[in-house]
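The block underneath contains the structure these notes are about, expressed in structure tokens.
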Amino acid sequence: SLRLPSILEYVMAPLKASLTDSSPYVRKTGVLGILKVYALAPDTIRDSDMVDTMYNMIRDRDPQVVANCLMVLNELMREEGGIAINQAIIHHLMNRIRDFNEWSQCVVLDLVAKYKPASK
């Protein structure tokens, strides 16, 4: 469990490396690790490039990695109203909706319901 602030300096490098690992299990676990670090030290995550990395990971080939990214980004961006979504993200997620499990489909559809196009 990540509850000691002193361990953060040792966790950040492996956590960042986990986001680009070849194994989907490692990537999805790394994304959840970001949420744990955020709960302990929010500024550590805000000051890093991990949020941008997770936005890029929405295009990951593994649907569970994508679902975890969506949930974690929504949590990290809660103060700003949740994950910032645009038409490209919505189209990408809807084109892959069949790849997601039922829980992940609910996450995607919840984001789609929140999306408000800029213009028609």
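Any value given below was found using the heavy atoms of this structure, including those in side chains, with hydrogens, waters and symmetry copies removed.
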Query - Chi angles and distances behind the side chain to side chain contact (heavy atoms under 4.5 Å, CB included) call for Val112, Leu93 - result: CA-CA 9 Å; Val112 170; Leu93 294 173; 5.7 Å; no
Working for side chain to side chain contact (heavy atoms under 4.5 Å, CB included), residues Val107 and Phe100: CA-CA 10 Å; Val107 171; Phe100 296 107; over 6 Å; no
Practice problem: Assess whether salt bridge (Lys or Arg N to Asp or Glu O under 4.0 Å) is satisfied between Lys16 and Asp49, documenting all intermediate values. | Solution: CA-CA 9 Å; Lys16 188 170 185 165; Asp49 65 342; 3.0 Å; yes
Please step through side chain to side chain contact (heavy atoms under 4.5 Å, CB included) for the pair Tyr115 and Gln87, ending with a clear verdict.
CA-CA 8 Å; Tyr115 174 63; Gln87 186 177 12; 3.3 Å; yes
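With rounding to the nearest 0.5 angstrom, the NE2 atom of His92 is 13.5 Å from the CD1 atom of Ile85. To the nearest 0.5 angstrom, Asn56 atom CG is 12.0 Å from Thr20 atom OG1. If you take CE on Met77 and CZ on Arg46, they are separated by 9.5 Å, rounding to the nearest 0.5 Å. In this structure, Arg78 CZ and Leu73 CG are separated by 13.0 Å, a value rounded to the nearest 0.5 Å.
Note on Val31 and Trp103: same hydrophobic cluster, where clusters join Ile, Leu, Val, Met, Phe, Trp and Tyr whose side-chain heavy atoms are under 4.5 Å apart, directly or indirectly. No path of Ile, Leu, Val, Met, Phe, Trp and Tyr side chains, each step under 4.5 Å between heavy atoms, connects Tyr25 with Ile34, placing them in separate hydrophobic clusters. Ile58 and Leu35 fall within the same hydrophobic cluster, where Ile, Leu, Val, Met, Phe, Trp and Tyr residues are linked whenever their side-chain heavy atoms come under 4.5 Å apart, directly or through other members. Cluster annotation: Ile90 is connected to Met54 through the hydrophobic network of ILVMFWY side chains, with a link wherever side-chain heavy atoms come within less than 4.5 Å. Linking Ile, Leu, Val, Met, Phe, Trp and Tyr residues whenever their side-chain heavy atoms come within less than 4.5 Å places Val37 and Met71 in a single cluster.
At least one side-chain heavy atom of Met57 sits under 4.5 Å from a side-chain heavy atom of Thr53. Side-chain contact between Leu109 and Met94 is present, with heavy atoms from C-beta onward closer than 4.5 Å.
Judged by distance alone, with hydrogens and angles left aside, the side-chain atoms of Tyr55 form a donor-acceptor pair with the main-chain N or O of Ala84 at under 3.5 Å. Counting only distance, with no hydrogens or angles, the side chain of Ser48 and the backbone of Ile45 share a donor-acceptor pair below 3.5 Å. Of the possible donor and acceptor atoms, none in the side chain of Asp110 sits under 3.5 Å from a partner among the backbone N and O of Cys106. Looking only at distances, a side-chain donor or acceptor of Asn74 sits under 3.5 Å from a matching main-chain atom of Ile83. Remark: the backbone N or O of Ile97 is paired with a side-chain donor or acceptor of Gln105 at under 3.5 angstrom.
The two residues Ile89 and Asn86 have their closest heavy-atom pair at N-OD1, 2.9 Å. Minimum heavy-atom separation, Leu15 to Ser18: O-OG, 2.5 Å. Gln64 and Ser104 get closest at one heavy-atom pair: OE1-OG, 4.0 Å.
With Arg27 as reference, Asp60 is the one residue of Leu19, Val66, Asp60 to meet the side-chain contact (heavy atoms from CB on, under 4.5 Å) rule.
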